[in-house]
Every structure is written in structure tokens, then in C-alpha cells.
Number of protein chains: 4
Amino acid sequence: MHGPPSNLPTRRTRRKDARPSEIREAALALFSERGFAATRLGDVAERAGVGKGTIYLYFPNKEELFRAVVRHDLLPNLEALEAVADSDATTATTTLRTILFALLATCDRPISAIPKLVIAEAGNFPALARFYVEEVTARGRRLIERVLRRGIEQGEFRAIDVPLTVPLVVAPALMLVLWNTSLSPYAEAPLDPVKVLEHHLDVLFRGLAPIQPSP
Amino acid sequence: MHGPPSNLPTRRTRRKDARPSEIREAALALFSERGFAATRLGDVAERAGVGKGTIYLYFPNKEELFRAVVRHDLLPNLEALEAVADSDATTATTTLRTILFALLATCDRPISAIPKLVIAEAGNFPALARFYVEEVTARGRRLIERVLRRGIEQGEFRAIDVPLTVPLVVAPALMLVLWNTSLSPYAEAPLDPVKVLEHHLDVLFRGLAPIQPSP
Amino acid sequence: MHGPPSNLPTRRTRRKDARPSEIREAALALFSERGFAATRLGDVAERAGVGKGTIYLYFPNKEELFRAVVRHDLLPNLEALEAVADSDATTATTTLRTILFALLATCDRPISAIPKLVIAEAGNFPALARFYVEEVTARGRRLIERVLRRGIEQGEFRAIDVPLTVPLVVAPALMLVLWNTSLSPYAEAPLDPVKVLEHHLDVLFRGLAPIQPSP
Amino acid sequence: MHGPPSNLPTRRTRRKDARPSEIREAALALFSERGFAATRLGDVAERAGVGKGTIYLYFPNKEELFRAVVRHDLLPNLEALEAVADSDATTATTTLRTILFALLATCDRPISAIPKLVIAEAGNFPALARFYVEEVTARGRRLIERVLRRGIEQGEFRAIDVPLTVPLVVAPALMLVLWNTSLSPYAEAPLDPVKVLEHHLDVLFRGLAPIQPSP
DNA sequence: CATGAATGAGACTTCATTCAT
DNA sequence: TATGAATGAAGTCTCATTCAT
């Protein structure tokens with residue numbers, strides 16, 4: 001009963017391979033709740049179900065763990081968005097709608113706390129901030145710019161200044177994400193993020209609509 | 001009427017009275033650079049030009065100093081905005097423009113870091129978060145709502161859902177403030193916040209404009 | 001039944017198990033020399049041969065270390081006395097002699113400083129004081145009372161008021177213990193505690209002796 | 001209306017002269033409650049109704065204040081006892097009774113805490129301990145010895161070893177004083193110190209009584 | 001003389017990091 | 001590979017002491 005020399009990892013290997021992710025997940029959860037400094041590695045270890053020392057087998061120190069958490073979960077996320085955007089063969093309008101709703105959808109997942117973390121710790125982690133700016137902010141910006149240009153070319157939007165428009169498109173969605181990961185638990189009457197986003201798109205697209213030729 | 005009321009503070013008194021502000025200012029500067037936990041009270045003392053122990057003559061502990069910093073600089077700021085908004089006898093459009101530019105103008109002052117601080121530490125300071133939500137977020141929201149309603153009544157805007165519109169109005173300005181206090185130093189081509197805000201208002205007001213009756 | 005039950009502690013385990021005692025012993029020595037407040041945990045750590053942080057692996061804070069020291073060494077001591085007293089099948093006179101000499105004998109051991117410590121810190125540690133009163137003072141009193149009653153029943157002592165007599169029996173021995181742990185190093189001509197105690201017993205037993213019927 | 005150039009101190013002078021005592025009294029009260037280290041000079045100042053700095057006009061530092069408190073109140077007290085003892089023309093028995101009740105009577109006054117304080121801090125204040133041993137313990141011992149010798153000479157006591165007897169005489173009274181200033185608040189059924197002392201004297205004098213010549 | 005604001009040394013305590021097992 | 005006991009640097013906070021007023 002030896003079967004084929006399977007590529008399936010052994011239990012041990014699989015567990016071993018899973019370690020870094022387990023640790024990163026635990027760390028992300030705690031970082032996003034408490035911030036970088038207030039998170040104790042002992043708690044991360046406990047939550048990940050490993051010993052404290054084990055963390056150091058995979059990450060050289062707390063700072064690098066933080067960086068790993070942010071960097072690891074960032075790119076896949078952004079790439080997903082890019083895929084959404086570029087593979088989409090429909091109108092620019094629809095593409096933007098898809099992108100923003102995808103962004104908002106991260107609210108259900110722990111990674112939605114990453115923007116908050118990066119904003120909070122940018123001063124203490126310049127390298128991370130630079131990485132984030134280059135790999136997330138800038139790429140995200142270019143992504144939106146492409147879509148906006150397509151929309152202009154296709155007559156969906158009037159000929160606005162594209163770089164200046166990007167923040168307008170993104171800001172409400174980002175604000176919803178930040179709100180959700182920080183202050184929303186303390187508000188009495190919570191916003192319905194989906195409604196807000198729908199309304200945003202409505203107002204935005206009216207604002208970007210080509211000017212009606214007067215008869 | 002025996003000559004001038006000699007309530008000029010003595011040198012000593014003046015110095016003493018100034019201490020809390022000096023300390024709060026130093027603390028705000030460091031908190032906004034490094035965040036709450038990464039700021040050492042020793043550094044605050046040094047920056048304020050006082051001894052370490054002096055801080056404790058005016059603030060019972062680090063947390064309360066943090067709260068004092070936030071609370072002290074917040075309300076005057078908001079009240080200034082409210083004054084700007086409500087005393088304004090012009091159109092709602094102009095009022096919104098004034099408010100958002102006033103918000104953006106805080107970027108030159110240290111208080112602009114407070115939103116970032118509160119967002120970052122909300123999880124660790126629930127009472128502060130609640131205070132912020134109630135006294136800043138909620139008041140600010142009501143302020144914008146008033147102006148929007150006025151704009152609708154006066155025919156400047158179409159009959160949009162007011163509460164849902166507030167985030168759209170505010171988000172770009174807030175994002176600019178957050179950007180300025182965190183990631184902007186790491187970006188290569190910095191945004192021109194004034195241009196962004198102008199563009200935002202342009203797009204927004206088009207988006208909110210009453211629907212043209214078709215001829 | 002697979003060979004000897006290998007519950008021999010490993011080197012590591014043994015070391016670990018010994019830590020609390022080592023720390024308590026070091027703490028007792030220093031507390032008894034200097035008192036609670038004047039003892040620095042750094043010194044305790046050094047004396048115990050561990051790092052400062054190690055203390056906190058076993059005791060949550062300085063107060064609890066103090067309590068642990070007192071409580072841990074107290075009861076075994078008292079229980080030893082109770083065993084001495086109750087298992088004794090001889091006369092009450094002999095039993096009292098045994099008890100008091102056992103009490104005096106603690107002077108060779110660090111625990112003899114505990115009464116001094118408790119007396120000195122009772123005001124700052126009400127819970128500890130209460131514990132001491134209930135578990136040591138009261139139990140000790142009842143112990144002596146039992147012996148005195150036996151002595152009266154057996155005609156060794158006259159019918160004195162038992163509760164009032166307890167302090168008379170104990171006071172000289174206690175005073176010797178306090179003297180030994182505080183002032184005796186500063187006295188020129190030290191008392192011989194054994195002689196004092198012998199004399200005490202002689203005078204006491206004469207004082208408690210049944211009244212001779214006059215012929 | 002100038003009157004005679006009175007020697008009565010002016011209000012200011014009187015207040016000034018009283019300062020040191022007021023401070024010492026406040027300090028004694030707090031030292032006896034909390035011990036030396038746990039007493040803050042700020043509290044002493046407040047209780048004495050003076051500014052913190054004022055203490056330093058009369059005492060060079062906390063340690064010297066402590067010494068002054070102990071030394072100041074000690075000798076008058078002891079001298080009073082000596083006067084009681086030596087001026088007494090009655091029997092030795094009566095003299096001892098008077099001395100011990102005078103000792104017990106201090107329990108109503110704050111100075112009764114001094115023995116506790118000295119015992120607790122002897123290790124940290126060797127000079128004070130030596131002073132106490134020489135000026136209080138030794139003098140007190142000699143005082144009692146004189147009375148005991150007189151009692152022996154006058155046939156009130158049998159020919160006991162006088163130095164060995166001193167502790168027996170004093171111990172119960174001292175123990176009552178210590179008990180009163182430390183643990184008694186935590187005991188449920190408080191001792192009646194007067195009854196105990198009466199009983200002590202009764203038992204003691206029987207124990208010291210000359211041996212009855214057998215008929 | 002008297003004050004109390006200011007100071008900074010020093011204590012307790014935490015926690016990232018190491019390393020023997 | 002994995003652990004967690006041990007460490008000690010570093011931070012917060014207290015309070016005896018000073019000194020300008």
C-alpha cells in the first residue's frame with residue numbers, strides 16, 4: 001500500500017509549511033486590534049498555537065514579522081484587484097464599480113486592517129511605508145488611471161484630469177475601510193457601507209458624465 | 001479704580017500656567033510622529049524643556065496625557081469649523097467649499113495628526129474613541145448635513161439622501177489629511193492637495209446638481 | 001511496570017522547581033534585614049542568582065512575593081509546634097517548656113524574622129495581618145490554652161484564667177525572638193536566651209503553682 | 001498700652017518655635033501607621049500644615065527627621081518612668097506595678113509606636129538602634145534592676161538572678177504595646193491589656209515570692 | 001522664614017529575544 | 001525542529017530634595 005511516491009506533503013511537512021502563515025495570521029489579527037507596539041509576541045505565539053521561540057525560526061524579529069504580515073497579504077490582494085480590473089471587458093463604469101466593491105469586501109477579512117496599520121506606523125517603518133506607497137498606492141493609482149482613461153476614450157466620462165480624479169474615486173471606499181477597522185464599533189448608528197458606496201458611484205458618475213450638448 | 005488691575009501674571013505664574021500647553025504641544029508632536037506607544041515620556045519632557053517628573057505634575061499618566069492632547073486640540077478646532085459653516089450667509093456650495101478647505105488647512109498644524117492618532121489607537125482607548133465619535137465625527141456629520149439640507153432647499157442640490165452623502169463630501173478631504181500625516185513623505189510625486197480638493201468640489205457639485213429638465 | 005517510574009526530575013525541571021524557593025529564601029533574608037520597602041527586587045534577584053525578570057515568572061509582584069514568603073514559611077513552622085505540643089504525652093509543664101524552646105530555636109533560622117516583618121508591615125498589608133492573626137496568633141493561642149487547661153486538670157497549675165495567662169507564657173519567648181532579629185546586634189552584653197527562658201519557666205511555674213494548703 | 005516688655009513670645013515666634021514639634025508629631029503619626037519608607041514627606045507636611053520645603057528648614061533630611069522623632073519622644077518618656085521609679089518610696093512591688101502600668105499607658109499616645117518603629121528599622125538605622133539600645137533598653141533595664149534589688153533586700157522577692165529577671169518583668173507589657181500598635185486592629189476578640197497586666201503582676205510576684213519556710 | 005514647582009535618581013515591571021534542552 | 005524558561009534593557013512613575021520667589 002505504498003501508492004505512488006506522492007507529492008502530497010507529509011503531515012509534518014505540511015504542518016511545518018503552514019507555520020509561517022499561521023503565525024502571520026495570528027499576528028495580523030493582533031496587530032490590527034492593538035497596533036504594532038501593543039501586540040506582544042507571546043500573544044501571537046499563543047494565538048498561533050506555537051511556542052514563543054518558534055516565531056524566531058521564521059521571522060528574525062518583531063519588526064520583520066510586522067513587515068512580513070503587511071507585505072505578504074498586500075500583493076495578492078492588489079493583484080486580485082488588478083485582475084478584476086484588467087480582465088474586465090465591460091465598461092469602465094462597471095469596472096470601477098467592481099473594483100470599489102472588491103475593496104470594500106475586504107472588510108470581512110483581517111487584511112482590511114492593513115491600511116490602518118500602515119498609516120499608523122508609517123513614521124516608525126519608513127521602509128515599509130515606501131514599499132506600501134510604491135507597491136500599493138502607486139499601483140492602485142495606475143490601475144484606476146487606466147480605467148478612467150478607458151472611460152474617457154469610450155465616452156463614458158468627460159475629459160477630466162485623470163491623476164486628480166483618482167483620489168476622488170477611491171477616498172470614500174478607503175474611508176469606509178478605515179472606519180470599519182477603527183471607529184465603527186463606537187458609533188451608535190452604523191453606516192451601511194454598501195449603500196454609501198452605491199451612492200458614491202451614483203454621484204461620482206454623474207459628476208464625471210460627459211457634458212450634455214445643449215440643443 | 002486704583003490704577004490698572006494688577007492681574008498680570010508674575011513670571012512664575014505665567015511660566016506655571018504655560019507648562020501644560022508646552023507639554024501637550026511636545027506630546028502632540030511626538031505622538032503624531034511615532035504613535036502613542038513608541039513615544040517615550042522622557043522625549044516629551046525633553047522636547048517640552050522640562051524634567052521627566054514635571055509631566056506628572058499636570059497629567060496623572062501617559063494615557064491621560066494622550067487623552068488631554070486629543071481632547072484639548074480637538075474641540076476648538078471643530079468649533080472653528082462650525083463657526084465657519086453656520087455663520088456663513090452664502091450658498092451651501094460656498095459653505096461646503098469653505099469647510100473643506102478649512103479642514104485641509106489644518107495640515108500645516110500639528111493637530112492634523114489627531115485623526116491618524118485616533119484611528120490608530122481606537123482599539124486601545126475605547127473611551128477616547130467613543131469621545132471622538134460623539135464629539136467630532138457625529139458633530140461634524142451633523143454640520144455637513146445642515147449645509148446639505150440648506151443646499152437642497154435652496155435648489156443648489158438635487159434631493160439626495162443627506163446622511164449617505166456626508167461621507168462622499170468629507171472623504172477626499174479626510175484622506176488628504178491622513179495622507180499628509182503619514183505616507184506623503186514617502187511618495188515620489190506628491191499630490192497637490194488644493195488641486196485635488198478643487199477637483200473634488202467640481203465633480204461633487206456636478207454630481208449633486210439638480211437634474212436638467214429636458215427641453 | 002516498565003522499569004522504574006522515571007519521575008526523577010530532569011536537570012532543567014529540578015532547576016525550575018527550585019526557583020521559587022530560591023527566590024523566596026533570598027527575599028526572606030533581605031526583607032528581614034531591611035524590611036519590605038527598603039528591599040529592592042534587583043537585590044533579591046542577585047542574591048537568588050537569577051535575573052530580575054525571573055522573579056516575575058513566579059510571583060506577580062513585590063507584594064505577592066512578600067506574602068508568599070510569609071505564608072510559605074509560617075504554617076509549616078506553626079504546624080511543627082502544634083505537633084510538638086499535641087503529640088506530647090508528658091506533663092503540661094514539660095510540654096510548655098518544649099514549645100517555648102522550639103519557638104526560641106527558630107532564632108537560628110531566617111524565618112525567625114517573620115514576626116518582626118509582620119509587626120512592621122501590618123499597617124501596609126491588612127490582608128496579611130489578618131491572615132497572620134488568624135492563622136498564627138490565634139492558632140498559637142489555642143495551642144497554649146489547651147496545654148494550660150490540661151495542666152490545671154492535672155493539678156500542675158492552679159485554676160488561673162487561661163486566656164489571660166497565654167500572653168504571660170509567650171511574651172518572653174517572643175521578645176527574645178524580636179530582640180534577636182532586630183536590636184541584639186547593637187547591644188554590648190548580649191542576653192543568653194536559653195538562660196532567660198529557663199528562668200522564665202522557673203518563675204512562671206512557681207507563679208502558676210497550686211496554692212499550698214496551709215497546715 | 002505697651003505694657004511690660006513681655007517675654008511672652010510673639011504670635012509669629014510662638015508659631016515658629018512650634019514648627020519642629022508640629023512636624024515631628026505629624027511624622028510620628030505617619031511613621032507609626034506606615035513605617036519609615038512608606039511615609040511620604042509630602043504627607044507629613046500636609047498633616048503638619050506646612051509646606052513641603054519647610055520640613056527642610058528644621059531637619060536636614062528624611063532620615064534625620066525619623067531619628068529626631070524617635071529620639072525626641074523617647075527620653076522624656078523614659079525619664080518620666082525613672083522619676084516614677086526612683087521617687088517612689090513604697091515597696092518594690094508597688095513600684096514595678098507603677099512602672100509597667102505607666103508603660104502600658106503610652107498606648108493611648110502616638111509614641112507607643114516607637115518600639116515597633118525601632119524594631120522594624122533597626123537594620124537600616126544602626127546608629128539609631130545603638131542609641132535606642134543604650135539610652136532606652138539599657139537604662140530601662142538598669143531601672144528595673146534597681147527596683148528588683150530593692151525588693152530582694154527588703155524581703156519582697158527571693159534571691160533571683162536580677163539581670164535574667166528583667167526581661168520576664170518587662171516582656172508582657174512590651175508585647176501589649178507592640179500588639180496594640182500593629183496587629184490588634186485585625187484581631188477579633190481584643191485582649192484587655194489592663195487585665196493581662198494585672199494577671200501578669202499577680203503571677204510574677206507569686207513566682208518571685210520568697211520561699212515559704214516549711215514549718 | 002516659608003513655599004511648592006521643578007527635578008532626576010531610582011524603583012518596579014514588561015517583554016523582545018536568546019538558548020539549553 | 002520546537003520549546004519556554006531566563007534574561008536585562010528600557011519604559012513608566014514616585015518622591016526626596018532643591019531653590020527661585
Side-chain angles (χ1 to χ4, degrees), chain A residues 12-13 15-16 19 36-46 48-65, chain B residues 10-13 15-17 19 37-46 48-65, chain C residues 10-13 15-17 19 23 37-46 48-63 65, chain D residues 12-13 15-16 19 36-46 48-65:
Chain A
R12 173 167 191 117
T13 307
R15 176 93 211 268
K16 176 189 156 223
R19 283 280 150 83
F36 174 74
T39 295
R40 283 162 305 190
L41 286 193
D43 291 345
V44 173
E46 194 180 22
V50 301
K52 243 187 316 173
T54 305
I55 294 176
Y56 287 85
L57 296 176
Y58 300 101
F59 306 93
N61 55 44
K62 193 186 180 186
E63 290 204 7
E64 288 304 327
L65 171 59
Chain B
T10 69
R11 164 84 139 281
R12 174 113 191 182
T13 307
R15 181 104 206 262
K16 175 176 177 274
D17 288 352
R19 280 287 144 80
T39 295
R40 284 159 305 183
L41 287 191
D43 292 344
V44 173
E46 195 179 21
V50 301
K52 256 187 310 171
T54 304
I55 295 175
Y56 289 88
L57 294 178
Y58 300 100
F59 305 95
N61 54 47
K62 194 184 179 184
E63 283 203 16
E64 288 303 326
L65 172 58
Chain C
T10 69
R11 163 82 139 283
R12 174 111 190 183
T13 306
R15 181 107 207 263
K16 173 174 178 280
D17 288 352
R19 280 286 144 81
I23 293 170
T39 295
R40 283 160 306 185
L41 287 191
D43 292 345
V44 172
E46 195 179 21
V50 301
K52 257 186 309 171
T54 305
I55 295 176
Y56 289 86
L57 294 178
Y58 301 101
F59 305 94
N61 54 45
K62 195 184 178 185
E63 282 204 17
L65 172 58
Chain D
R12 173 165 191 122
T13 307
R15 176 95 212 268
K16 175 189 157 217
R19 283 280 151 83
F36 174 74
T39 295
R40 283 161 304 189
L41 286 193
D43 291 346
V44 173
E46 193 181 22
V50 301
K52 244 189 314 173
T54 306
I55 295 176
Y56 287 85
L57 296 176
Y58 300 101
F59 306 93
N61 55 44
K62 192 184 180 186
E63 290 205 8
E64 288 304 326
L65 171 59

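Model, not experiment: these values are computed from the prediction. In what follows, every chain begins at residue 1, and chains take the letters A, B, ... in the order their sequences are listed.
Between P60(A) and A38(A), the residue anchored nearer the 5' end of DNA chain E, judged by the nucleotide with its closest heavy atom, is A38(A). With DNA chain F read from its 5' end, the first of the two nearest nucleotides for G53(C) and E63(B) is the one closest to G53(C). For the pair G51(C) and G42(D), nearest-nucleotide mapping onto DNA chain F gives the more 5' position to G51(C). Comparing N61(C) and L57(B) by the nucleotide of DNA chain E that holds the closest heavy atom to each, the one mapping nearer the 5' end is L57(B).
By the side chain to side chain contact (heavy atoms under 4.5 Å, CB included) test, A37(A) pairs with A37(B), sequence neighbours left out. Scored by the side chain to side chain contact (heavy atoms under 4.5 Å, CB included) test, K52(C) finds A45(C) as partners (sequence neighbours excluded). By the salt bridge (charged side-chain N to carboxylate O under 4.0 Å, His left out) test, E46(B) pairs with no residue at all, sequence neighbours left out. Partners of F59(D) under the ring pair (Phe, Tyr, Trp, His ring centres under 6.0 Å) rule, at least two apart in sequence or in another chain, do not exist in this structure.
Here dT13(E) is the nucleotide among dT13(E), dA2(F), dT17(F) with the atom lying nearest to any side-chain atom of L41(C). Which of dT13(E), dG11(F), dA2(E) sits closest to the side chain of R40(B) comes down to dG11(F). Distances were taken from every side-chain heavy atom of Y58(C) (C-beta onward) to each of dC12(E), dT3(E), dA6(F); the shortest belongs to dA6(F).
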Discussion item. Dot-bracket for DNA chain F, please. Rules: Watson-Crick or G-U, both distances under 3.5 Å, ( ) within the strand, [ ] when a pair crosses earlier ones, | for another strand, . otherwise.
Written reply: .||||||||||||||||||||

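Taking atom CD1 on I55(B) and atom P on dG8(E), their separation rounds to 12 Å, with Å as the unit. Here the P atom of nucleotide dG4(E) and the OH atom of Y56(D) are 15 Å apart, to the nearest Å. Atom CD of E64(B) and atom P of dC13(F) are 10 Å apart (whole Å). What separates CZ of F36(D) from P of dC15(F) is a distance of 13 Å, to the nearest Å. Between R19(C) atom CZ and dA5(F) atom C1' there is a gap of 8 Å when expressed in whole angstrom units. Between the CG atom of L65(A) and the C1' atom of dT17(E) there is a distance of 13 Å, rounded to whole Å. Distance F59(D) CZ to dA2(E) C1': 15 Å, rounded to the nearest Å. Note: CG (D43(A)) to P (dT14(E)) measures 13 Å, nearest angstrom.
Atom-to-atom distance recorded for L41(A):CG and I55(A):CD1 is 5.0 Å, nearest 0.5 angstrom.
When every heavy atom of N61(D) is checked against every heavy atom of Y56(D), the shortest pair comes out as CA-CE2, 4.0 Å. Residues T39(D) and K62(D) share a closest heavy-atom pair of O-NZ, 2.8 Å.
Between the side chain of K52(B) and the base of dG10(E) there is at least one donor-acceptor pair of N/O atoms closer than 3.5 Å.
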